[in-house]
Amino acid sequence: LSTGSTVSELVVVGEVGQDITVPCRYNVQNRNGITSMCWGRDRCPNSKCSQPIIWTDGWRVTEQHSSRYQLKGDLQSGDVSLTIVSAMEADSGVYCCRVEIPGWFNDQLINQKVVVKKARISTASPHTYTSEQTSAPGSTSESSPTVTRTWPSVSASEAPQTASAPCSDHSDCLDVAANLQNTSVSLPSQQRPERGLYIGIGSCAALLLILILALFLT
């Protein structure tokens, strides 16, 4: 075994709820090299371990502060790594691994800093997709968002215009009357003019018939 104490410091990071293994080993060349050691909270003092949590004589665990602190390695081969079962945030801090080697100031000292973080939680929220549908004129839908096309009201001034000049002959006047009738029929059911518009169209048709008779008599 080498003479002179050895001090080193490492950092171990884990998550809440997981088992965290804090490594620590010493060199064992034969059975005579197996020795005692301890784990404690805080940095290694001049002797022993401050706030000891587990001890071993090199062959088995002799003292144990809590069942959450375990030595699962092969002790006789020098593996004295500390396992913290179901780690908590309160387990964060510095741990001292002190291997007691015979002789003055020969102890192997390892200060381990343990950082226990909260478990990672995904913050991504599920995306919501809303499909927009276009309703056909005259139909409604309550099960899904729809975009409804509204047809503007048709007034008498916006209706198809005819020539203001008198009809040149009988056939022309008949065509004008037919066009007016076709225009009123082709309008969508939800856009039909109001009753007043029908009265206006009827009046126009009557005047046209009178005009046709006058022309015929002429």
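Predicted model only: the values in this text are computed from it and were never measured.
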Next item on the list: Check the hydrophobic clustering (I, L, V, M, F, W, Y; side-chain heavy atoms under 4.5 Å; chains of links allowed) and say if L10 and V13 are grouped together.
Entry: no
Note to self: Treating S50 as the side-chain partner and R41 as the backbone partner, does any N or O pair qualify as donor plus acceptor under 3.5 Å?
What the structure shows: yes
Check: Atom CG of L211 and atom CZ of F216: how far apart are they, to the nearest 0.5 Å?
Finding: 14.0 Å
Notebook entry, point to check: Could you give the distance from OG1 (T35) to CD (Q108), rounded to the nearest 0.5 Å?
Noted result: 10.5 Å
Note to self: Once rounded to the nearest 0.5 Å, what's the spacing between atom CD1 of I101 and atom OH of Y26?
What the structure shows: 8.5 Å
Check: Any side-chain heavy atom of V12 sitting closer than 4.5 Å to one from V115?
Finding: no
Next item on the list: State whether the side chain of Y69 and the backbone N or O of V85 hold a donor-acceptor pair below 3.5 Å, judged by distance alone.
Entry: no
Check: Hey, is the main chain of V116 close enough, under 3.5 Å, to the side chain of E89 for a donor-acceptor pair?
Finding: no
Note to self: I need the full list of disulfide bond (SG atoms under 2.5 Å apart) pairs touching residues 46-77, with sequence neighbours left out, sorted by first then second residue.
What the structure shows: C38-C49
Next item on the list: May I ask you to decide if V61's main-chain N or O and Q64's side chain share a donor-acceptor pair within less than 3.5 Å?
Entry: no
Margin query: Between R43 and Q112 (side chain of the first, backbone of the second, donor and acceptor by atom type, cut-off under 3.5 Å), is there such a pair?
Written below: no
Notebook entry, point to check: Rounded to the nearest 0.5 Å, what separation is found between the OG1 atom of T56 and the CD1 atom of I34?
Noted result: 9.5 Å
Notebook entry, point to check: If only atom types and distance count, is the side chain of W39 paired as donor or acceptor with the main-chain N or O of V80 below 3.5 Å?
Noted result: yes
Check: If you group Ile, Leu, Val, Met, Phe, Trp and Tyr by side-chain heavy-atom gaps below 4.5 Å, do V22 and V16 land in one group?
Finding: yes
Check: Distance from C24 atom SG to M37 atom CE, nearest 0.5 Å?
Finding: 5.0 Å
Next item on the list: Using the side-chain hydrogen bond (donor to acceptor under 3.5 Å, both in side chains) rule, take E100 and S36 through it: C-alpha gap first, then chi angles, then the decisive distance, then the call.
Entry: CA-CA 6 Å; E100 298 178 327; S36 60; 2.6 Å; yes
Notebook entry, point to check: Who pairs with D79 by salt bridge (Lys or Arg N to Asp or Glu O under 4.0 Å), at least two apart in sequence or on another chain?
Noted result: R25
Checklist line | Taking every non-hydrogen atom, the tightest pair across L109 and C44 | finding: CB-SG, 4.1 Å
Notebook entry, point to check: Does L75 share a hydrophobic cluster with L82, counting links as ILVMFWY side-chain heavy atoms below 4.5 Å and allowing steps through other members?
Noted result: yes
Checklist line | Contacts of type side-chain contact (heavy atoms from CB on, under 4.5 Å), residue R68, not counting sequence neighbours | finding: S66, I84, M88, D91
Checklist line | Distance, nearest 0.5 Å, that separates NZ of K113 from OG of S92 | finding: 9.5 Å
Check: Under the 3.5 angstrom rule, does the side chain of D42 hit a backbone N or O of Q51 as a donor-acceptor pair?
Finding: no
Note to self: Between D19 and T21, is the side chain to side chain contact (heavy atoms under 4.5 Å, CB included) condition met? List the steps.
What the structure shows: CA-CA 7 Å; D19 292 353; T21 299; 5.8 Å; no
